[in-house]
Structure formats: structure tokens, C-alpha cells
Amino acid sequence: MSLLGGERIEGIEAPLPPGEHVRWQGRPSLWPLARRAFHVRAILLYFGALAGLRAALAISDGRPAPEVAAGATALLVMGLIAAGLALLLAWLSVRTTIFAITDRRIVLRSGIVLNGTVSIPFRIVDRVDTRRHGDGSGDVAIAIAGSDRIPYLSLWPYARPWRVNHPEPMFRAVSDFDALTATLGEALAGFGGPAPQSQASPAARAH
């Protein structure tokens, strides 16, 4: 049977099987992904703290002002370069990532150098955890039933943090979070699958 006439997910050449339809499609948002997955803000804070510490030590040692400024500036420049590289990787990741929900499966396509597609039929979805962050974007993590495992490194940065032994694919930094969770919940319900469970964000737990 030819699949050439099947519906396609935008950005993925292979068509879906006949009768299967795309219900939602999106990509991660750059700034939320850069902050939470590539830690751009943490990099800047780290090098800023190092620059401040180096300046304070140099001043306490009686170093001349130009030397103090030069040492601190060098660390700040290094921080900007490191953060810029992390931001570039986040941008490339956004450009090469596709999230999709059909009426039968969850699809995640990612990979800056080697692009790969993860297809998760609803029948093997064991649990879905969702989390909205303070910037309005959100994450959706999918736990897979059975013994099949997707290597953590092949999923990163779309693997749920710290779930190394049992990696969970994750739609990360999605700005269209409400539409995603509503569509996924409806699609899973049609297969008798689990309802998405909302979890508090780290910021919410802190309060």
C-alpha cells in the first residue's frame, strides 16, 4: 500500500499512515529553552560572580585599578562568549526540532547534526507530567511503559532532567502550552490513556 498520499507533519518528509491526522504541532521557544536547557542565564551569573570575586581579591591585594578592571573584564568577556555559544546551540535546536501530536501518537524530531525522530504510540504511554513555568511556557514529559528505553543522550535536550535510568522524552519550552496539553489530553482519552498530570514549577514550590 502506498503512503505517498498520507498527511505529513510539517518538516518531516515521511507521510503518516492513511487515516492518521495531525492534531497539534509546534517547536520550543528560544528564550525559555536557552534558560532552562542551555543555562544561558546561569552561565552569565557564574562568570559575573567570578569577575566580582576576582576584582574584590585584586582590590584587597592593593592592585592598581587598571589591572583590577582588566582581570574582571576578561572574565566577563569569557562569560559573554560562553553564553553566546549556548544561545547559538539553543537557536539551532529550535530550528531543528519538531513536536507533534497526531490522533494516534506523539512525535518528537530533533538533532542539530544528526536528526532523529521518536514516535510514541499512545498505547505505550504510561504517564504524562506537565509543568507550566513563570514565563508562561511549559514542559510535557512522557513516561513510556514496558522495557523499551530511548537513550538519554539521544533525547537531550528533550529528555526529562535526572531520569537517566528510565529516560522520558519531553516537549520542552512550549509557548503554546494550553493548546498542547488540551489536545494531548483529548487524544489520550480517546485511547483510554492516562490524563496529563500537572506539577508545580520550581518557582511555585519555592513560594
Side-chain angles (χ1 to χ4, degrees), residues 1-29 32-33 36-37 93-133 137-202:
M1 179 184 295
S2 173
L3 301 182
L4 294 179
E7 186 174 333
R8 284 176 167 80
I9 297 171
E10 183 180 347
I12 298 179
E13 292 185 4
L16 295 170
E20 185 172 355
H21 304 286
V22 179
R23 299 190 59 173
W24 179 91
Q25 181 171 340
R27 297 178 186 270
S29 295
L33 185 70
R36 297 200 293 270
S93 186
V94 169
R95 296 274 295 178
T96 55
T97 298
I98 298 167
F99 302 144
I101 305 295
T102 76
D103 47 16
R104 299 180 188 175
R105 75 191 73 213
I106 298 164
V107 180
L108 192 167
R109 183 169 178 83
S110 64
I112 295 173
V113 178
L114 297 175
N115 209 277
T117 301
V118 175
S119 177
I120 307 169
F122 291 152
R123 60 181 172 79
I124 67 169
V125 174
D126 183 54
R127 190 184 70 256
V128 176
D129 293 327
T130 69
R131 174 174 292 168
R132 183 195 298 276
H133 293 271
S137 67
D139 306 327
V140 175
I142 303 103
I144 300 172
S147 59
D148 291 339
R149 296 288 179 265
I150 305 170
Y152 187 92
L153 291 178
S154 69
L155 288 172
W156 191 88
Y158 305 109
R160 187 173 186 174
W162 313 115
R163 303 296 174 96
V164 178
N165 292 331
H166 301 280
E168 298 179 12
M170 186 164 72
F171 286 9
R172 197 167 196 175
V174 177
S175 60
D176 195 16
F177 181 68
D178 290 335
L180 166 59
T181 53
T183 302
L184 181 56
E186 292 172 1
L188 285 169
F191 271 72
Q197 300 295 313
S198 177
Q199 296 189 333
S201 70

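Heavy atoms only: backbone and side chains are in, while hydrogens, waters and symmetry mates are out. Every value quoted in this text rests on a predicted model; they were computed, and no experiment measured them.
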For [X] and [Y], work out which heavy atoms get closest and say how close.
{"X": "Glu168", "Y": "Ala141", "answer": "OE1-CB, 3.9 Å"}
{"X": "Val125", "Y": "Pro194", "answer": "O-CD, 3.6 Å"}
{"X": "Arg105", "Y": "Pro121", "answer": "CB-CA, 3.9 Å"}
{"X": "Pro15", "Y": "Arg8", "answer": "CA-CG, 3.8 Å"}

Output the distance between atom [atom1] ([X]) and atom [atom2] ([Y]), rounded to the nearest 0.5 Å.
{"X": "Ile124", "Y": "Ile120", "atom1": "CD1", "atom2": "CD1", "value": "6.5 Å"}
{"X": "Leu180", "Y": "Ser137", "atom1": "CG", "atom2": "OG", "value": "11.5 Å"}
{"X": "Ile142", "Y": "Leu184", "atom1": "CD1", "atom2": "CG", "value": "7.0 Å"}
{"X": "Arg104", "Y": "Glu20", "atom1": "CZ", "atom2": "CD", "value": "5.0 Å"}
{"X": "Phe171", "Y": "Ile101", "atom1": "CZ", "atom2": "CD1", "value": "4.0 Å"}
{"X": "Thr130", "Y": "Gln199", "atom1": "OG1", "atom2": "CD", "value": "7.5 Å"}

_Can a side-chain donor-acceptor contact be found between Thr183 and Arg23 if the only test is distance below 3.5 angstrom?_
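Their side chains do not contain a donor-acceptor pair, so the 3.5 Å distance test is not met.
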
*Just checking, is any N or O donor in the side chain of Arg132 or Thr181 under 3.5 Å from an acceptor N or O on the other one?*
no

*Any salt bridge between Asp129 and Arg131, counting N to O under 4.0 Å?*
no

*Audit row: Met170, Leu155, side chain to side chain contact (heavy atoms under 4.5 Å, CB included) steps and yes/no*: CA-CA 8 Å; Met170 186 164 72; Leu155 288 172; over 6 Å; no

Is the backbone of [Y] close enough, under 3.5 Å, to the side chain of [X] for a donor and an acceptor to pair up by distance?
{"X": "Arg172", "Y": "Pro157", "value": "yes"}
{"X": "Gln197", "Y": "Ala195", "value": "yes"}
{"X": "Arg149", "Y": "Gly146", "value": "yes"}

*With under 30° as parallel and over 60° as perpendicular, where do the rings of Phe122 and Phe191 fit, or are they tilted in between?*
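Rings of Phe122 and Phe191: perpendicular, over 60°.
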
*What class does the angle between the rings of Phe99 and Tyr158 fall in, given that below 30° is parallel, 30 to 60° is tilted and above 60° is perpendicular?*
perpendicular

_Test of understanding: with side-chain contact (heavy atoms from CB on, under 4.5 Å), list the residues that count as partners of Arg27, not counting sequence neighbours._
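Expected list: Ile98.
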
*Does Val22 have any side-chain contact (heavy atoms from CB on, under 4.5 Å) partners at least two apart in sequence or in another chain, and if so, which?*
Glu7, Ile9, Leu16, Gln25

Taking C-beta and beyond as the side chain, do [X] and [Y] meet within less than 4.5 Å on heavy atoms?
{"X": "Arg36", "Y": "Pro161", "result": "no"}
{"X": "Val174", "Y": "Val140", "result": "no"}
{"X": "Ile144", "Y": "Pro169", "result": "yes"}

